[in-house]
Asks: 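Structure provided below as C-alpha cells; questions to follow.
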Amino acid sequence: MIKINKFVFWTPRILSILFLLFLAMFSLDIFGNNYTFWETVLGLFMHNLPVIILGILLWISWKHEIVGAIAFIFAGILYTVSCIVRFLMSSPRAWDMLSWSLIISGPAFLIGILFFIGWKQKKKNKKKK
C-alpha cells in the first residue's frame, strides 16, 4: 500500500461528508408545505439528487482521488455558472445569488483541490518505489 500524508488523505473525505450533509439540510424546507406523502417523497428526492450523485462520486473517489478532484471541481464550476446565469436573468438585487455561489462552490473547490493533492502525492510516492 502506498503511504500518503494522513491529513491529505482524511481531510477531503471528512469535508465531503460534512459538505453533503450541509447540502442535504436544504431539503428540509419541503416539510413546511402542505404536500401529500408522495409529493414530499418526490420533493426530497429532487432536492437531494445532487447529494446522491456527489455521494456516489465520493464513494468512488475514496479509492480513486482523481475522480473526487474532477467531480467536486466540476460541481463547483457548474453551480457557479448556474448562479451567474440566474443573476443575469433576474433583477438587480440578485447579488444574493452570487454570494450563494461562494457558500456552495467554495467548499466544493476546496474538496476537489484536496483530492487532487492527495492523488498527486500518491502518484509521486508510487514513482519513488
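These numbers were taken from a predicted model, which means no experiment stands behind them. Both backbone and side-chain heavy atoms feed into the values below; hydrogens, waters and symmetry mates do not.
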Asks: If the condition is side-chain hydrogen bond (donor to acceptor under 3.5 Å, both in side chains), which residues does D29 pass it with, not counting sequence neighbours?
Replies: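 For D29, the residues satisfying side-chain hydrogen bond (donor to acceptor under 3.5 Å, both in side chains) (neighbours in sequence not counted) are H47.
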Asks: Under the rule for side-chain hydrogen bond (donor to acceptor under 3.5 Å, both in side chains), what residues qualify as partners of T80, not counting sequence neighbours?
Replies: S101, S105
Asks: Applying side chain to side chain contact (heavy atoms under 4.5 Å, CB included), name anything that partners W62, two or more places apart in sequence or on another chain.
Replies: F9, W10, R13, I17, L58
Asks: Check for me, please, whether M25 and V51 land in the same ILVMFWY cluster - side-chain distances under 4.5 Å, paths through other members count.
Replies: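 Yes, it is one cluster - the side chains of M25 and V51 are joined through contacts under 4.5 Å.
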Asks: Could you pull out all residues at least two apart from F19 that satisfy ring pair (Phe, Tyr, Trp, His ring centres under 6.0 Å)?
Replies: none
Asks: Just to verify, what does I103 make a side chain to side chain contact (heavy atoms under 4.5 Å, CB included) with, not counting sequence neighbours?
Replies: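 Expected list: F22.
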Asks: Which pairs would a plain distance check flag for residues 68-76, meaning a side-chain donor or acceptor within less than 3.5 Å of a matching protein atom at least two apart in sequence or in another chain?
Replies:
none

Asks: Could you pull out all residues at least two apart from T40 that satisfy side-chain hydrogen bond (donor to acceptor under 3.5 Å, both in side chains)?
Replies: none
Asks: Is the side chain of N5 donor-acceptor paired with the backbone N or O of F7 at a distance under 3.5 Å, no angle test?
Replies: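 The answer is yes, because a donor-acceptor pair under 3.5 Å joins these two groups.
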Asks: Donor-acceptor pair, S27 side chain versus A24 backbone, under 3.5 Å?
Replies: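 Yes, because the side chain of S27 sits within donor-acceptor range (under 3.5 Å) of the backbone of A24.
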Asks: Honestly curious: do I52 and L78 fall in one hydrophobic cluster under the side-chain, below-4.5 Å linking rule?
Replies: no
Asks: Is F31 linked to F37 within one hydrophobic cluster, defined over Ile, Leu, Val, Met, Phe, Trp and Tyr using a side-chain heavy-atom separation of less than 4.5 Å?
Replies: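 Hydrophobic grouping puts F31 apart from F37.
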Asks: Examine V41 and I30 and state if one hydrophobic cluster contains both, with Ile, Leu, Val, Met, Phe, Trp and Tyr joined whenever side-chain heavy atoms are less than 4.5 Å apart.
Replies: no
Asks: Sequence neighbours excluded and cut-off under 3.5 Å, please list the side-chain donor-acceptor pairs for residues 106-116, or say none.
Replies:
none

Asks: Checking F45 now: which residues fulfil ring pair (Phe, Tyr, Trp, His ring centres under 6.0 Å) with it, not counting sequence neighbours?
Replies: none
Asks: Go through it in stages, so that I can follow the logic: the residues are F26 and N48, the test is side-chain contact (heavy atoms from CB on, under 4.5 Å), and I'd like the CA-CA distance, side-chain angles, deciding distance and then a yes or no.
Replies: CA-CA 9 Å; F26 290 109; N48 286 314; over 6 Å; no
Asks: Between OG of S82 and CD1 of I77, what distance do you get to the nearest 0.5 Å?
Replies: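 Going from the OG atom of S82 to the CD1 atom of I77 covers 12.0 Å.
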Asks: To the nearest 0.5 Å, what is the distance between CD1 (I60) and CD1 (I56)?
Replies: 7.5 Å
Asks: Are L42 and W38 connected in the hydrophobic side-chain network, where two residues link if heavy atoms are under 4.5 Å apart?
Replies: no
Asks: When rounded to the nearest 0.5 angstrom, what is the spacing between NZ in K120 and CD in E65?
Replies: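 Reported value, rounded in 0.5 Å steps: 13.0 Å.
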